[in-house]
Amino acid sequence: MDQAAPGRRRRVHSAEFKAQAVQASQQPGVSMAAVAMAHGINANLLRRWVHERVQPPADTETVSANPVGFIALPMPTPAEPPAPSAEPIRIEVRRGSTVIAVTWPASAADACAAWMRELLR
């Protein structure tokens with residue numbers, strides 16, 4: 001996911017991590033700040049990745065010259081309805097005698113995964 005280069009304070013995020021965060025932030029009804037928090041990054045950084053993915057700098061001629069270093073993934077058009085799912089995601093978290101049950105729509109599986117990563121930190 002992210003690596004701290006020796007002697008540097010900034011983290012370096014892989015192209016896959018950036019693409020996953022950007023794609024998760026583009027889902028309908030998802031807060032960009034919540035996605036950023038779930039991925040352990042600042043919301044302004046995620047906004048920059050989204051902006052650079054959508055509109056690369058004018059001096060960039062090819063995808064390989066993109067300073068962010070990731071390729072834009074195809075996104076479904078707004079006219080496409082999300083695929084219906086029969087079963088929602090159900091998660092039970094137990095800590096001692098406390099049990100929390102969470103039911104999550106399968107159509108928002110990316111947001112659920114981001115939430116789980118944050119919970120399990």
Side-chain angles (χ1 to χ4, degrees):
M1 277 210 269
D2 57 329
Q3 302 168 354
R8 290 183 61 190
R9 296 179 74 181
R10 291 187 181 193
R11 294 182 294 174
V12 178
H13 301 281
S14 69
E16 180 182 347
F17 179 82
K18 291 177 184 180
Q20 181 184 20
V22 167
Q23 184 178 17
S25 73
Q26 300 299 302
Q27 300 302 314
V30 174
S31 161
M32 193 172 295
V35 170
M37 186 183 307
H39 283 80
I41 59 174
N42 186 288
N44 291 330
L45 179 60
L46 178 58
R47 284 186 188 91
R48 187 178 79 198
W49 292 347
V50 169
H51 177 74
E52 289 173 346
R53 193 199 103 210
V54 172
Q55 185 178 23
D59 62 333
T60 302
E61 294 183 16
T62 64
V63 173
S64 62
N66 186 335
V68 176
F70 66 99
I71 299 171
L73 299 174
M75 299 294 291
T77 60
E80 290 180 31
S85 65
E87 294 291 322
I89 299 168
R90 180 163 167 74
I91 300 167
E92 269 192 26
V93 178
R94 296 172 188 250
R95 288 201 177 166
S97 62
T98 305
V99 178
I100 299 172
V102 177
T103 302
W104 206 289
S107 61
D110 287 342
C112 181
W115 176 78
M116 285 295 297
R117 278 191 298 275
E118 184 64 24
L119 179 68
L120 296 173
R121 275 182 160 208

Do Ile41 and Arg11 touch side chain to side chain, with heavy atoms closer than 4.5 Å?
-> yes
With sequence neighbours excluded, residues passing side chain to side chain contact (heavy atoms under 4.5 Å, CB included) with Ser97 | none
Do you know which two heavy atoms are closest between Ile91 and Cys112, and how far apart they sit?
-> CD1-SG, 3.6 Å
Cationic N near anionic O, under 4.0 Å, Glu92 to Arg94 = yes
Considering non-hydrogen atoms only, spot the tightest contact between His13 and Lys18 and give its length.
-> O-CE, 3.5 Å
Below 4.5 Å, heavy atoms only, C-beta onward: do Gln20 and His39 meet side chain to side chain?
-> yes
Taking all atoms of both residues into account, what is the closest heavy-atom pair of Thr103 and Pro88, and its distance?
-> CG2-CB, 3.7 Å
State yes or no: do Met37 and Phe17 share one hydrophobic cluster built from I, L, V, M, F, W and Y residues joined by side-chain heavy-atom distances below 4.5 Å, directly or via other members?
-> no
Taking all atoms of both residues into account, what is the closest heavy-atom pair of Ala43 and Ala36, and its distance?
-> CA-CB, 3.6 Å
At what distance, to the nearest 0.5 angstrom, does NE2 of His51 lie from CG of Asn44?
-> 13.0 Å
Aromatic rings Trp115 and Trp104: how do their planes relate, parallel, tilted or perpendicular, breaks at 30° and 60°?
-> tilted
Neighbour count above 12 (heavy atom, 6.0 Å) for Met32 CE | yes
What's the shortest heavy-atom distance between Leu46 and Val22, and which atoms?
-> CD1-N, 4.0 Å
Could you check if a side-chain atom of Ser25 sits within less than 4.5 angstrom of a side-chain atom of Val30, using non-hydrogen atoms only?
-> no
